[in-house]
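To find a chain, count down the sequence lines: A is the first, B the second, and so on, and within it residues start at 1.
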Number of protein chains: 2
Amino acid sequence: MKTKCCDTHLSEEEAQELLSQNGISRTKIKTSILLLLSKSKKPLSASEIYQKYGPKNCDISTIWRTLKQFHEKGITREINLGEDFFRYELKDTQDEKDHHHHHVRCRNCGDIKQLEECDLSAFEKMFSRLGFKKMEHYLEFTGICSKCP
Amino acid sequence: MKTKCCDTHLSEEEAQELLSQNGISRTKIKTSILLLLSKSKKPLSASEIYQKYGPKNCDISTIWRTLKQFHEKGITREINLGEDFFRYELKDTQDEKDHHHHHVRCRNCGDIKQLEECDLSAFEKMFSRLGFKKMEHYLEFTGICSKCP
DNA sequence: CAAATTACTGCAAGTCAATTGCAATTAATC
DNA sequence: GATTAATTGCAATTGACTTGCAGTAATTTG
């Protein structure tokens with residue numbers, strides 16, 4: 001089984017190029033965060049990045065500001081995996097086709113509608129063959145609704 | 001389009017019965033929270049419940065304790081819709097087939113694996129017909145992996 | 001049904017993720 | 001290389017969520 005669909009291991013030069021393309025200063029910290037995200041096999045939390053980069057080398061507030069900036073520029077995706085904090089992952093440069101639930105939320109006005117179920121039991125059967133138990137899944141759609149710009 | 005697949009409007013008696021079935025005291029607050037959740041068309045946050053029930057009638061910590069208890073008993077589901085807080089919704093009494101993303105997370109050890117994409121573009125086309133723009137979706141699977149009890 | 005036990009609640013204090021103001025520092029621009 | 005704009009560290013702050021404790025209400029038991 002393929003466990004990662006998009007391996008985006010950035011080189012230091014590519015990371016710096018990505019910063020420049022988005023009008024962000026090429027600092028050591030920002031470059032390092034990009035590299036950490038690109039090397040990680042799972043989305044990272046701010047405190048994980050803080051631990052990996054070294055608490056002596058940088059303040060946690062800088063990590064937060066950087067993650068917020070990356071998110072605003074669309075470089076990363078901010079996701080919650082059922083924990084009480086967010087994780088961050090690099091987006092592929094291509095079209096974004098990730099994310100999924102049985103809700104539609106307007107990212108502008110916050111309106112949320114519940115949807116009918118989507119049958120993903122076939123996936124769950126695959127997981128049970130891999131030894132997983134008590135599978136659950138979560139599907140969410142987000143977008144900008146017709147009332148919003 | 002059906003926007004809610006499972007309408008579970010509880011009566012006051014049904015709500016109290018649900019509490020008893022789960023070994024929870026039939027108090028006014030707990031009953032009211034169940035009714036609020038069952039009447040709502042979207043999952044509610046703790047502070048929304050607090051506002052609706054009335055800050056004079058109950059302390060926010062009681063709401064939190066109640067939501068936690070409901071979750072532990074499996075009465076409700078705790079979900080995050082990209083906001084920085086959780087929302088709560090009643091589960092259907094039947095089998096749970098909600099939830100979704102392109103990660104598998106073990107709820108015991110926290111191990112997270114990324115998965116291949118799942119094509120839900122057909123759904124997104126449906127949304128664009130409804131006037132939605134910039135659709136994104138999030139799919140997450142959770143379960144107990146083979147290394148865990 | 002009244003006493004004893006157990007669960008629930010309010011209040012206040014605390015934790016932790018995430019944000020922000022300000023002054024010092026570094027990178028980008030000219 | 002000097003000026004300007006962005007970045008950073010530090011400290012204080014917000015807001016979601018938790019917890020200890022003492023008082024109160026619900027359940028149980030005789």
Side-chain angles (χ1 to χ4, degrees), chain A residues 12-13 15-34 36 43-73 75-89 110, chain B residues 12-13 15-36 43-73 75-88 110:
Chain A
E12 186 155 346
E13 293 73 34
Q16 294 186 334
E17 185 55 31
L18 186 54
L19 292 174
S20 293
Q21 284 168 1
N22 287 278
I24 302 171
S25 295
R26 303 176 165 214
T27 68
K28 194 167 192 310
I29 294 177
K30 289 174 197 261
T31 305
S32 299
I33 294 178
L34 277 183
L36 281 173
L44 298 174
S45 67
S47 79
E48 281 175 342
I49 292 172
Y50 184 52
Q51 295 310 319
K52 283 174 191 284
Y53 188 62
K56 312 129 199 162
N57 302 325
C58 146
D59 191 81
I60 185 76
S61 69
T62 301
I63 306 276
W64 282 115
R65 272 190 274 235
T66 300
L67 290 174
K68 188 179 180 186
Q69 185 181 39
F70 285 176
H71 186 240
E72 285 167 357
K73 298 288 186 179
I75 297 174
T76 57
R77 191 181 305 115
E78 183 182 62
I79 59 182
N80 174 282
L81 298 177
E83 298 153 312
D84 62 343
F85 52 83
F86 285 99
R87 291 181 173 279
Y88 300 83
E89 64 182 3
Chain B
E12 186 155 345
E13 294 72 37
Q16 293 187 332
E17 185 55 31
L18 187 54
L19 292 174
S20 294
Q21 283 168 2
N22 288 276
I24 302 172
S25 296
R26 302 175 166 215
T27 69
K28 193 167 193 311
I29 295 176
K30 288 176 197 260
T31 305
S32 299
I33 293 178
L34 277 184
L35 290 177
L36 281 174
L44 298 174
S45 67
S47 78
E48 281 174 342
I49 292 171
Y50 184 51
Q51 295 310 319
K52 283 174 192 282
Y53 187 62
K56 313 128 198 165
N57 302 324
C58 145
D59 192 82
I60 186 77
S61 69
T62 301
I63 307 274
W64 281 116
R65 272 189 275 234
T66 300
L67 290 173
K68 189 179 179 187
Q69 186 182 39
F70 286 175
H71 186 240
E72 285 167 358
K73 298 288 186 179
I75 297 173
T76 57
R77 191 179 308 115
E78 183 182 60
I79 60 181
N80 174 282
L81 299 177
E83 298 154 312
D84 62 343
F85 52 83
F86 285 99
R87 291 180 175 279
Y88 301 83

Review point. Can you tell me how far the CD1 atom of B:I63 sits from the CD1 atom of B:I33, to the nearest 0.5 Å?
Key: 4.0 Å

Practice item. For A:K73 and D:dT7, give me the distance from atom NZ to atom C1', rounded to whole Å. Key: 14 Å

Point to revise | Stretch residues 46-58 of chain A: residues that reach within less than 4.0 Å of DNA chain D through a heavy atom | key: A:N57, A:C58

**Study point:** d(CG, B:D59; P, D:dC17) in whole Å
**Key:** 15 Å

Practice item. Mind checking the CD1-CG spacing from A:I75 to A:L18? Nearest 0.5 Å is all I need. Key: 4.5 Å

Exercise for review: Can you tell me which residue pairs pass the salt bridge (charged side-chain N to carboxylate O under 4.0 Å, His left out) test with a partner in residues 56-69 of chain B, sequence neighbours excluded?
Suggested key: none

Exercise for review: Using side-chain contact (heavy atoms from CB on, under 4.5 Å) as the criterion, list what pairs up with A:K52, not counting sequence neighbours.
Suggested key: A:L36, A:L44

Revision key, fill the gap. Rounded to whole Å, the CG-P distance (A:D84 to D:dA16) equals 13 Å

Check your understanding: Heavy atoms under 4.0 Å, any strand shown: does B:Q16 hit a base, just sugar-phosphate, or nothing?
Key -> nothing

**Study point:** Partner residues of A:N22 under the side chain to side chain donor-acceptor pair (under 3.5 Å) criterion, sequence neighbours left out
**Key:** none

Review point. How would you list, by chain and number, every residue that makes a side chain to side chain donor-acceptor pair (under 3.5 Å) with A:N57, sequence neighbours excluded?
Key: none

Exercise for review: Indicate for each nucleotide in nucleotides 22-30 of chain D, in 5' to 3' sequence, whether protein heavy atoms under 4.0 Å reach the base (B), only the sugar-phosphate (S), or nothing (-).
Suggested key: ----SS---

Study note, to complete from the structure: Distance col, row A:F86:CZ vs A:S45:OG, nearest 0.5 angstrom, shows 12.5 Å

Check your understanding: Taking DNA chain C as the partner, which of residues 60-67 of chain A come within under 4.0 angstrom of it by heavy atom?
Key -> A:S61, A:W64, A:R65

Practice item. Using chain A heavy atoms and a threshold of under 4.0 Å, write down where along DNA chain C the contacts begin and end, 5' to 3'. Key: C:dA17 to C:dA28

Review point. Who pairs with B:E48 by side chain to side chain donor-acceptor pair (under 3.5 Å), at least two apart in sequence or on another chain?
Key: B:R87

Check your understanding: Taking C-beta and beyond as the side chain, do B:I49 and B:L67 meet within less than 4.5 Å on heavy atoms?
Key -> yes

**Study point:** Angle of first-five versus last-five pair axes in the helix from C:dC1-D:dG30 to C:dC30-D:dG1, to 10 degrees
**Key:** 40°

Review point. Could you give the distance from OH (A:Y50) to CH2 (A:W64), rounded to the nearest 0.5 Å?
Key: 12.5 Å

Review point. Measuring from A:E89:CD to A:E78:CD, what's the distance to the nearest 0.5 Å?
Key: 11.0 Å

Check your understanding: Looking at OH of A:Y53 and OG of A:S32, how far apart are the two atoms once the value is rounded to the nearest 0.5 Å?
Key -> 4.0 Å

Point to revise | A:T31: partners by side-chain contact (heavy atoms from CB on, under 4.5 Å), with sequence neighbours left out | key: A:E12, A:A15, A:Q16, A:L19, A:L35

N/O donor-acceptor pairs under 3.5 Å from side chains in residues 23-30 of chain A, not counting sequence neighbours:
residue	atom	partner	partner atom	Å
A:R26	NE	A:S20	OG	2.5
A:R26	NH2	A:E17	OE1	3.4
A:R26	NH2	A:S20	OG	3.2
A:T27	OG1	A:K30	N	3.2
A:K30	NZ	A:Q69	OE1	2.6

Point to revise | Protein-nucleotide distance (B:H71, atom NE2; D:dC17, atom C1'), rounded to Å | key: 14 Å

